[in-house]
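The structure appears below as structure tokens.
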There are 2 protein chains.
Amino acid sequence: MFTLLLSNIAKHIHLSKEEESFFISLLQLKKLKRKQFLFKEGDIHKYCTFVTSGCLRSYSIDKNGFEHIMQFAPANWWIADMYSFVAQKPGNLNIDAIFDSEIITIQRTDIEKLYQAVPKFERYFRVLAENSLISHQNRLMDNLGLSAKERYDNFCRSYPTLIQTLPQKQVAAYIGVTPEFLSKMLNMPITKQAG
Amino acid sequence: MFTLLLSNIAKHIHLSKEEESFFISLLQLKKLKRKQFLFKEGDIHKYCTFVTSGCLRSYSIDKNGFEHIMQFAPANWWIADMYSFVAQKPGNLNIDAIFDSEIITIQRTDIEKLYQAVPKFERYFRVLAENSLISHQNRLMDNLGLSAKERYDNFCRSYPTLIQTLPQKQVAAYIGVTPEFLSKMLNMPITKQAG
DNA sequence: GGTAAAAAATAATCCAGGTTAAGAGTAAAA
DNA sequence: TTTTACTCTTAACCTGGATTATTTTTTACC
């Protein structure tokens, strides 16, 4: 039930039996149906979420009504509106389930308790934040320097499993093109494709 | 000498006199001349850097030879090629000084020692990484959803001091347009500017 | 299975921002 | 104080990707 999360944590820090059971006592299990929201723009984010099955996404909606996907979270990933979660102010993101999903949540106030009781968790979440920062920096550079085709190829390389199950539309909203252009690009004769 | 850094740290964690002097013993002071490199693409990043005066920048160079700026680091900011620093592999970024600068560096191996000796620093760097993550996420959404003019206005709002001292070219390389287009945009009649 | 809704394909037209090139300021270095 | 090298501007032209609209295919759900 919690094994996926515990083994994820074990990669970074070692917990005693007591620490582990204290941690588990702070967790809640939930299920989300496809298209069900975990968090809406304007809410204040109270939970950090770990996905054990299915897939969630976080995205913002720009002033023209277009969705831009910040992150996909398949099994074994954390997801949150970091800004709202950290600052405890209304967030700009929406988070919902792309497929039926099972998640584990932990409340913000409980994370603070956890940091007090088991400071090792500061390390775990530091490493997570650093890795997430690195991947966002990479993505930013890709958006500034690569063509749509290159960003698409990158995406396929980074998420070989996801690309098979996700609607094209969602991929377009992640790499930063319209669904129409992505379709055109994928059906373009090979000879015309940019490397 | 180290007061700027110490007061930055004091905002997040409290250090005893012993902890403080141990920390200081790990630091090195350096000076960089304008245009001098701290780090070049392909190097393995051994230092984390805190700027006490002047301004550094980190940037990558795309396959067409264009620079894209990841971060400006004026006084009171940290800067590093996080990927290279964390993974200890050759990095993709360059870091150099835009103006003559004074910096404090700490070696990666010493940071690990610091985490062992004073675990509170895990918290300090966790909070830093989280804040940095939030601002990179914001920037990513801005790049996906806003026009060049809006990104420029955002930049002016976020860095009111920097905008006065930076060459336009550097601002263009940050917001993701060519210097030519930025110039055109800034000299466009007000009536034609997008909101 | 039937049908309503969403997703994908196709195509014509449009535009924000890129490209190229050349000249005019301006700062730095010698 | 004169080179030398950036930086900024201007302008004509170009293009990757957006927009809009219509049709076809797939998927979800009764």
Side-chain angles (χ1 to χ4, degrees), chain A residues 32-36 54-55 57 59 61-69 96-101 142-155 162-195, chain B residues 33-36 54 57 59 61-69 96-100 142-155 162-189 191-195:
Chain A
L32 287 178
K33 285 268 163 208
R34 191 178 123 78
K35 297 197 179 179
Q36 195 181 336
C55 187
R57 73 209 251 254
Y59 62 97
I61 301 178
D62 72 23
K63 62 177 193 305
N64 302 314
F66 291 104
E67 293 179 1
H68 301 284
I69 294 178
D96 65 12
I98 300 182
F99 310 120
D100 293 355
S101 303
D142 285 0
N143 275 298
L144 292 174
L146 301 182
S147 69
K149 183 62 170 51
E150 291 167 321
R151 277 176 276 142
Y152 179 79
D153 291 342
N154 266 205
F155 185 90
L162 264 185
I163 194 75
Q164 322 229 30
T165 49
L166 281 181
Q168 252 180 53
K169 197 192 164 187
Q170 307 289 343
V171 178
Y174 183 93
I175 66 174
V177 295
T178 56
E180 291 84 354
F181 183 73
L182 181 56
S183 170
K184 180 164 90 178
M185 196 172 77
L186 294 178
N187 292 297
M188 211 152 43
I190 296 149
T191 52
K192 292 194 180 172
Q193 285 177 22
Chain B
K33 286 264 164 212
R34 190 178 124 80
K35 295 195 179 178
Q36 197 182 333
R57 72 210 252 256
Y59 62 98
I61 300 178
D62 71 25
K63 61 174 193 309
N64 301 314
F66 291 104
E67 294 180 359
H68 301 283
I69 295 179
D96 65 11
I98 300 183
F99 311 121
D100 292 357
D142 284 0
N143 275 299
L144 292 174
L146 301 183
S147 69
K149 183 62 170 51
E150 291 167 320
R151 276 177 275 141
Y152 179 78
D153 291 342
N154 266 203
F155 184 89
L162 264 184
I163 193 75
Q164 322 229 28
T165 49
L166 282 180
Q168 250 180 56
K169 200 193 163 185
Q170 305 290 344
V171 178
Y174 183 93
I175 64 173
V177 295
T178 58
E180 292 84 353
F181 183 74
L182 180 56
S183 171
K184 180 163 88 178
M185 196 172 76
L186 295 177
N187 292 296
M188 211 154 40
T191 53
K192 290 192 180 172
Q193 285 178 22

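Since we're looking at a predicted model, the values are computed, not measured. Chain A is the first sequence line, chain B the second, and so forth, proteins listed ahead of strands; every chain is numbered from 1.
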- request: Evaluate the criterion side chain to side chain contact (heavy atoms under 4.5 Å, CB included) for residue pair A:Y152 and A:V177; output intermediate values, then yes/no.
  value: CA-CA 10 Å; A:Y152 179 79; A:V177 295; over 6 Å; no
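- Here the P atom of nucleotide D:dG17 and the CG atom of A:N143 are 11 Å apart, to the nearest Å.
- With a 4.5 Å cut-off on side-chain heavy atoms, A:F155 and A:L166 count as touching.
- Regarding contacts with the backbone of C:dG18, a side-chain N or O of B:T178 is found under 4.0 angstrom from either OP1 or OP2.
- A:D100 places no side-chain N or O within 3.5 Å of a backbone atom of A:K33 that could act as its donor or acceptor partner.
- One interatomic measurement links the two molecules: CZ of B:F181 to P of C:dT20, which rounds to 17 Å at whole-angstrom precision.
- Across every non-hydrogen atom of A:I69 and A:Q170, the tightest pair is CD1-OE1, 3.2 Å.
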Check the interface with nucleotides 6-9 of chain D: list each N/O to N/O pair with the protein under 3.5 Å, or write none.
unit_1: D:dT7; atom_1: OP2; unit_2: B:K169; atom_2: NZ; d: 2.9
unit_1: D:dC8; atom_1: OP1; unit_2: B:Q168; atom_2: N; d: 2.8
unit_1: D:dC8; atom_1: OP2; unit_2: B:K169; atom_2: N; d: 2.9
unit_1: D:dT9; atom_1: OP2; unit_2: B:Q168; atom_2: OE1; d: 2.9
unit_1: D:dT9; atom_1: OP2; unit_2: B:Q168; atom_2: NE2; d: 3.2
unit_1: D:dT9; atom_1: OP2; unit_2: B:S183; atom_2: OG; d: 3.0
unit_1: D:dT9; atom_1: O5'; unit_2: B:S183; atom_2: OG; d: 3.3

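- Here C:dA28 presents its P atom at 10 Å from CG of B:D100, a figure rounded to the nearest Å.
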Atom pairs and distances, side-chain donor-acceptor, residues 61-68 of chain A, under 3.5 Å, sequence neighbours left out:
unit_1: A:D62; atom_1: OD1; unit_2: A:N64; atom_2: N; d: 2.8
unit_1: A:D62; atom_1: OD1; unit_2: A:G65; atom_2: N; d: 3.1
unit_1: A:D62; atom_1: OD1; unit_2: A:F66; atom_2: N; d: 3.1
unit_1: A:D62; atom_1: OD2; unit_2: A:H68; atom_2: NE2; d: 2.8
unit_1: A:K63; atom_1: NZ; unit_2: B:E150; atom_2: OE1; d: 3.3
unit_1: A:K63; atom_1: NZ; unit_2: B:E150; atom_2: OE2; d: 3.2
unit_1: A:E67; atom_1: OE1; unit_2: A:R57; atom_2: NH2; d: 2.4

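- Taking 4.0 angstrom as the limit, B:R151 places none of its side-chain polar atoms (N or O) nearer than this to OP1 or OP2 of C:dA16.
- At a threshold of 4.5 Å between non-hydrogen side-chain atoms, the residues B:Q168 and B:L186 count as touching.
- Spacing between atom CE of A:M185 and atom C1' of C:dA11 amounts to 18 Å, rounded to whole angstrom units.
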